[in-house]
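All values reported here derive from a predicted model rather than from experimental measurement. For this chain, numbers begin at 1 and follow the sequence in order.
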Amino acid sequence: MAITMDSTLKELMDNPEAVAILEKYAPGFTDNKTFKLGMKMKLDKCVRFPQANMTEEQIKAFEEDLKTLG
């Protein structure tokens with residue numbers, strides 16, 4: 001299954017390659033204990049939280065990298 005910005009954080013977490021991409025743009029995000037509260041949230045919303053510390057450019061690059069997973 002392809003991971004997109006409409007995927008949930010749980011779906012991303014079930015894909016080690018997608019987790020690596022998230023960590024590339026938001027280092028430590030998956031180590032944050034509060035991120036588990038958002039497992040049902042869509043990635044588009046998660047990456048915009050202040051804890052993700054991602055700029056719009058990084059969000060766009062993250063989305064493009066996810067597309068490479070197929």
When you compare the side chain of [Y] with that of [X], does any pair of heavy atoms fall below 4.5 Å?
X	Y	answer
M41	F49	yes
E56	R48	yes
D44	T4	no
L69	I21	yes
M5	V47	yes

Test side-chain contact (heavy atoms from CB on, under 4.5 Å) applied to T68 - qualifying residues, sequence neighbours left out: none

Residues in side-chain contact (heavy atoms from CB on, under 4.5 Å) contact with D31, at least two apart in sequence or another chain: none

If I compare all heavy atoms of [X] with all of [Y], which pair ends up nearest, and what's the gap?
X	Y	answer
F62	Y25	CA-CE1, 3.6 Å
S7	A2	OG-O, 3.8 Å
F29	E23	N-OE2, 3.4 Å

CE on M39 to SG on C46, rounded to 0.5 Å: 9.5 Å

Set of side-chain hydrogen bond (donor to acceptor under 3.5 Å, both in side chains) partners for K60, sequence neighbours left out: none

Intermediate values then yes/no, side chain to side chain contact (heavy atoms under 4.5 Å, CB included), L43 and L22: CA-CA 10 Å; L43 291 177; L22 176 60; 5.6 Å; no

Salt bridge (Lys or Arg N to Asp or Glu O under 4.0 Å) involving K24 - partner list, sequence neighbours excluded: D65

Partners passing salt bridge (Lys or Arg N to Asp or Glu O under 4.0 Å) against E64 (at least two apart in sequence or in another chain): K67

May I have the list of side-chain donor-acceptor pairs in residues 9-20 shorter than 3.5 Å, sequence neighbours left out?
residue, atom, partner, partner atom, Å
K10, NZ, D14, OD1, 3.2
K10, NZ, D14, OD2, 3.0
E11, OE1, T8, N, 2.7
N15, OD1, E17, N, 3.0
N15, OD1, A18, N, 3.1

